[in-house]
Amino acid sequence: MPGGVPMHWMVKWAGAFPLFVEAASGATFTDVDGHDYLDLCLGDTGAMTGHAPPATVQAITDQLQRGITFMLPTEDSLWVTEELSRRFGLPYWQTALTATDANRFSIRLARHVTGRKKILVFNWCYHGTVDETFATLTEHGIAPRRGNVGPPVHPAETTRVVEFNDIPALRRELAHGDVACVLTEPVMTNIGIVHPEPGFHDALRDLTRHFGALLIYDETHTICSGPGGYTREYDLEPDILTIGKPIASGIPAAVYGFSERVAERIRSRLAVDTADTGGIGGTLAGNALSVAAMKATLQQVLTEEAFDYTIPLAARWAAGVSDVIEEFELPWHVTQLGCRAEYWFCERHPRNGGEAARAVDHDLDRYMHLACLNRGILMTPFHNMALISPATTAADIDYHTDVFRECVEGLV
Ligand SMILES: Cc1ncc(COP(=O)(O)O)c(C=O)c1O
């Protein structure tokens, strides 16, 4: 295996080698050397449910005995669709295996129904390995994002990019009339958390409607805001919504939902005889195992009560970190989004992806991550984010505060 790992992102940890996992349960895991860790990374949201939640394990164990995949629906899909509609307010749903695919399929549908070529994303977004989204703003215009491997075409051909919270730029770019959809997280999370400013989502909705572009919210990470994601929490009105990762407790599964209006436009332009060759779907998508895992996750794990428990714990994590920052008079700050929180090595919170990218300090990141790891805490390898699961305890949070203080003390 190149780098000694089965997927090359797994080398991206602080330290000379990644931990190999022996077993995980709830908020903790044990490595092959027998060391125990508190997991605040949780598979970068894939295990936001906590590891191996009993309800999901039971449901998939039962389903395994009854078959894994048929390319036929099971009745669980009816319950899952109704629940997704209830949570996110969109009536129609389809499945994929990854959030990347949910986004790719949504973009294709948006192009298909609008007849337009381009998409619009915000600078330093991340939506999975979707070609059109690997574009950044530079002083010379749109460029392939750093590290972009083998882009099929220059991203300026497929993509318009503006900074998050920049309404005039959004209006200017949409006015070209060639944008099929805007794809965005409701709050940016992948260059660190960047919150929308008051009025930003209203303007985004108005402008996309005005210029005939569909609005796609990717809730894969922002589901941390509540059971219906940021969309439900703040009454947003997407045309399409995508979500993957934790939706089936980490069993590969993703979904994308769309409005009645989008469904009508799709219906009038898709035919049964080409349903399997149109570039949307996949043999294993909607398989019985994934759907059983989604049902268990939505019904018993990522429930209303779970968020009532995890969001205050994230606030406790943020308060602990904030107290230490104050105690040592550091020019840092902390921010929270539902059951996720993170600290930044700057005083003023970035208002867009460009500012956020400039605020990153890789050396400091690596120091904090490695110092935490040596004290039994795994942080997300990208920036300084902690995610709280229903299995995380107040004692875990307070342990992190102690460790954080010790790491900062060592630093200053
Ligand atoms: C917001 C968002 N969307 C989509 C994805 C892609 O998820 P996956 O890699 O499971 O396809 C990610 C991955 O980090 C993400 O953060």
Side-chain angles (χ1 to χ4, degrees), residues 88-94 96 98-135 137 142 152-153 155-164 166-167 169-188 190 196 200-220 222 229-231 236-244 254-270 278-281 353:
F88 297 106
L90 290 168
Y92 291 93
W93 293 86
Q94 288 281 274
T98 63
T100 298
D101 266 355
N103 285 327
R104 287 199 311 110
F105 300 158
S106 299
I107 290 170
R108 273 184 174 261
L109 286 172
R111 285 207 177 104
H112 196 66
V113 303
T114 61
R116 295 176 175 186
K117 207 166 81 165
K118 292 199 173 178
I119 74 161
L120 186 147
V121 295
F122 294 104
N123 199 23
W124 291 101
C125 68
Y126 185 76
H127 297 282
T129 54
V130 180
D131 285 321
E132 294 91 332
T133 61
F134 283 120
L137 274 182
I142 293 168
V153 294
E157 284 185 40
T158 60
T159 311
R160 296 190 177 278
V161 187
V162 302
E163 288 288 9
F164 201 65
D166 187 345
I167 297 169
L170 183 63
R171 181 180 294 108
R172 186 191 64 224
E173 293 303 309
L174 287 174
H176 290 281
D178 57 0
V179 173
C181 61
V182 173
L183 171 62
T184 184
E185 293 184 277
V187 180
M188 294 185 88
N190 281 295
F200 177 66
H201 281 296
D202 289 341
L204 177 59
R205 185 61 279 190
D206 289 350
L207 288 170
T208 43
R209 281 211 177 107
H210 180 77
F211 290 110
L214 298 183
L215 176 55
I216 307 175
Y217 283 126
D218 178 347
E219 289 272 12
T220 300
T222 46
Y230 199 88
T231 294
L236 306 184
E237 290 176 46
D239 298 301
I240 304 181
L241 183 149
T242 63
I243 175 169
V255 291
Y256 52 108
F258 34 92
S259 65
E260 182 69 55
R261 173 91 187 95
V262 171
E264 260 167 40
R265 293 170 79 184
I266 294 172
R267 260 197 303 270
S268 66
R269 285 169 165 258
L270 285 187
I280 288 180

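These numbers come from the heavy atoms of this one structure, side chains and all, not from hydrogens, waters or symmetry mates.
Taking the six-membered ring for Trp and thresholds of 30 and 60 degrees, Phe200 and Phe122 have ring planes more than 60 degrees apart, a perpendicular arrangement. Ring planes of His201 and Phe164: perpendicular class, angle over 60° (limits at 30 and 60°).
One distance of note links OH of Tyr126 with CG of Asp218; it measures 10.5 Å at 0.5 Å rounding.
Judged as a side-chain contact (heavy atoms from CB on, under 4.5 Å), and not counting sequence neighbours, the contacts of Ala180 are Ala110, Arg111, Thr114, Arg116.
Classification of Arg209 and Asp239 as a salt-bridged pair fails, no side-chain N sitting under 4.0 Å from a carboxylate O.
The backbone N or O of Ala99 lies less than 3.5 Å from no partner atom in the side chain of Thr220, so there is not a single donor-acceptor pair. Remark: side-chain polar atoms of Thr159 are not paired, donor with acceptor, to backbone N or O of Ala135 under 3.5 angstrom. A donor-acceptor contact shorter than 3.5 Å is absent between the side chain of Asn123 and the backbone of Glu163. Judged purely by atom type and a 3.5 angstrom limit, Glu219 uses its side chain to pair as donor or acceptor with the backbone of Tyr230. At least one donor-acceptor pair under 3.5 Å links the side chain of Lys118 to the backbone N or O of Ala156. Remark: side-chain polar atoms of Asn103 are paired, donor with acceptor, to backbone N or O of His127 under 3.5 angstrom.
Note on residues 174-186: pairs passing salt bridge (charged side-chain N to carboxylate O under 4.0 Å, His left out), not counting sequence neighbours, are Arg160-Asp178.
Ile107 has its side chain within reach of Leu183: a pair of non-hydrogen atoms, C-beta onward, lies under 4.5 Å apart. The side-chain heavy atoms of Lys117 and Thr158, taken from C-beta on, include no pair separated by under 4.5 Å. Contact check for Tyr256 versus Leu109: side-chain heavy atoms found under the 4.5 Å cut-off. Contact of the Leu214 side chain with the Thr208 side chain is not registered, since no non-hydrogen atoms from C-beta on lie closer than 4.5 Å. Contact check for Thr184 versus Ile216: no side-chain heavy atoms found under the 4.5 Å cut-off. A 4.5 Å side-chain heavy-atom check between Leu215 and Arg205 finds at least one atom pair inside the cut-off. Contact check for Leu170 versus Leu204: side-chain heavy atoms found under the 4.5 Å cut-off. Under the 4.5 Å side-chain criterion, counting only non-hydrogen atoms from C-beta, Trp93 is in contact with Phe88.
Within a 6.0 Å sphere centred on NE2 of His176, heavy atoms belonging to other residues, nucleotides or ligands number more than 12.
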> Hey, mind stepping through Arg267 and Glu260 against salt bridge (Lys or Arg N to Asp or Glu O under 4.0 Å) and telling me if it holds?
Replying inline: CA-CA 10 Å; Arg267 260 197 303 270; Glu260 182 69 55; 3.6 Å; yes
